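Down below is the structure, laid out as structure tokens.
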Amino acid sequence: MKLIVLAGKEHCGKTQCLNKLACKIEKETYINPSKISKGNNDWEYIFFNEGKKIKLVISTWGDYPWLLKECCEKYHDYDAVVCACNLKFMRGRIYKPFEDAMKFDLYATIVMKAEEEDIDKQEIANEQCSNYLLSLIKHFRIF
């Protein structure tokens, strides 16, 4: 399983980026994902198509360290898991979420998301971030 973690502070746009990413993958693969609500506008998007050999999960639900573990254990047989990691909840756990990620993928990819302070540029920044995540998924040949 390939693990890609979008990490950043609270309210920096991680959820918006991952939602955009799910839409882009749906358009490119023509796979309508299963969408599981996790509450508070968070979702797990499950892209599964045996014929196209795609098994991918995108989870916007990642505020706490145990959620990374739960998601990776649940989808360990998938090609990739893309999830969020809120650094606010990592106090006293310096670099621990990244060590946790490496338990599931020794070469886990961590993408740091900074908050765009200019409100007029937030949408553009989130679009660029989702494009970057999509390029990573293609680079790793997940689909």
Side-chain angles (χ1 to χ4, degrees), residues 1-49 52-76 78-143:
M1 173 190 71
K2 181 66 190 156
L3 178 60
I4 300 172
V5 179
L6 182 59
K9 294 180 180 179
E10 193 170 37
H11 303 297
C12 70
K14 296 179 302 295
T15 297
Q16 291 84 352
C17 290
L18 294 174
N19 285 330
K20 285 178 176 292
L21 175 63
C23 289
K24 290 175 185 193
I25 292 173
E26 183 176 0
K27 287 178 184 175
E28 287 207 20
T29 63
Y30 302 103
I31 297 172
N32 188 13
S34 299
K35 192 174 171 183
I36 301 169
S37 175
K38 295 296 186 176
N40 294 330
N41 294 319
D42 282 313
W43 300 92
E44 270 183 7
Y45 298 93
I46 302 169
F47 292 88
F48 182 83
N49 184 301
K52 294 184 179 184
K53 299 187 179 182
I54 295 172
K55 291 170 75 175
L56 167 68
V57 173
I58 299 172
S59 178
T60 68
W61 192 46
D63 285 339
Y64 302 100
W66 58 270
L67 293 174
L68 171 70
K69 181 179 183 216
E70 181 181 291
C71 188
C72 289
E73 286 176 349
K74 184 176 180 181
Y75 298 108
H76 71 278
Y78 272 52
D79 299 315
V81 170
V82 182
C83 62
C85 176
N86 186 331
L87 297 179
K88 174 185 174 190
F89 296 101
M90 302 302 160
R91 284 187 219 138
R93 292 178 48 90
I94 298 175
Y95 304 114
K96 185 72 168 125
F98 307 121
E99 290 175 19
D100 293 345
M102 289 181 355
K103 290 176 186 173
F104 298 99
D105 177 4
L106 188 58
Y107 303 104
T109 302
I110 311 297
V111 177
M112 299 300 292
K113 173 77 169 86
E115 181 178 5
E116 175 56 61
E117 293 182 18
D118 185 340
I119 198 162
D120 295 328
K121 294 181 181 178
Q122 286 176 351
E123 189 65 29
I124 294 167
N126 291 337
E127 184 70 23
Q128 289 172 336
C129 180
S130 67
N131 286 338
Y132 180 71
L133 293 170
L134 182 61
S135 72
L136 282 175
I137 288 169
K138 289 179 178 181
H139 172 77
F140 292 124
R141 297 186 176 148
I142 295 165
F143 75 86

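Computed from a predicted structure; not experimentally measured.
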| said: Using the rule given for side-chain contact (heavy atoms from CB on, under 4.5 Å), can you reason through S59 versus L67, listing the C-alpha separation, both sets of side-chain angles and the distance that settles it, and then say yes or no? | reply: CA-CA 10 Å; S59 178; L67 293 174; over 6 Å; no
| field | Trace of the side-chain contact (heavy atoms from CB on, under 4.5 Å) decision for I4 with F140 | value | CA-CA 10 Å; I4 300 172; F140 292 124; 4.2 Å; yes
| said: side-chain contact (heavy atoms from CB on, under 4.5 Å), that's the test. Do K138 and F143 meet it? Break it down for me. | reply: CA-CA 6 Å; K138 289 179 178 181; F143 75 86; 4.2 Å; yes
| task | For the pair L68 and C83, evaluate side-chain contact (heavy atoms from CB on, under 4.5 Å) and give the outcome as yes or no after the intermediate values. | result | CA-CA 7 Å; L68 171 70; C83 62; 3.5 Å; yes
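Counting only residues at least two apart or on different chains, no side-chain hydrogen bond (donor to acceptor under 3.5 Å, both in side chains) pair has a member in residues 30-40.
Judged purely by atom type and a 3.5 angstrom limit, K2 uses its side chain to pair as donor or acceptor with the backbone of Y107.
More than 12 heavy atoms of other residues, nucleotides or ligands shown are found within 6.0 angstrom of CG on N131.
K20 pairs by the salt bridge (Lys or Arg N to Asp or Glu O under 4.0 Å) definition with E123, E127, not counting sequence neighbours. For K52, there are no salt bridge (Lys or Arg N to Asp or Glu O under 4.0 Å) partners, not counting sequence neighbours. Every residue was checked against the side-chain hydrogen bond (donor to acceptor under 3.5 Å, both in side chains) condition with D79, not counting sequence neighbours, and none meets it. Every residue was checked against the side-chain hydrogen bond (donor to acceptor under 3.5 Å, both in side chains) condition with Y78, not counting sequence neighbours, and none meets it.
Annotation: the span from K27 atom NZ to L134 atom CG amounts to 11.5 Å, rounded to 0.5 Å. Taking NE2 of H76 as the start and CG of D105 as the end, the distance is 14.0 Å to the nearest 0.5 Å. In this structure, CD1 in I46 is found 6.0 Å from NZ in K74, a value given to the nearest 0.5 Å. Going from atom NE2 of H139 over to atom OG of S135 covers 9.0 Å, rounded to the nearest 0.5 Å.
For K69 and E73, the salt-bridge test passes: some basic side-chain N is under 4.0 Å from an acidic carboxylate O.
Taking all atoms of both residues into account, the shortest heavy-atom contact from C12 to K113 is O-NZ, 3.0 Å. Between K14 and N86 the shortest heavy-atom distance is CE-CA, 4.0 Å. In plain terms, the two heavy atoms of I31 and F47 that are nearest each other are O-CE2, 3.7 Å. Looking at every heavy atom in both residues, A7 comes nearest to L87 through CB-CD2, 4.2 Å. Contact record, K24 with S130: NZ-OG, 2.8 Å, taken as the closest heavy-atom pair.
Between L6 and V82, the closest side-chain pair of non-hydrogen atoms is not below 4.5 Å. In this structure, L21 and I58 have side chains that are in contact, with non-hydrogen atoms separated by less than 4.5 Å. Looking at heavy atoms from C-beta onward, I137 lies in side-chain contact with I25 at the 4.5 angstrom threshold.
Judged by distance alone, the side chains of Y75 and E44 do bring a donor and an acceptor atom under 3.5 Å apart.
T60 pairs in a side-chain hydrogen bond (donor to acceptor under 3.5 Å, both in side chains) with only one of the listed residues (D42, T15, N19), which is D42.
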Kindly list each side-chain donor-acceptor pair under 3.5 angstrom involving residues 114-121, sequence neighbours excluded, with atom names and distances?
residue: E116; atom: OE2; partner: D118; partner atom: N; Å: 3.2
residue: D118; atom: OD1; partner: D120; partner atom: N; Å: 2.9

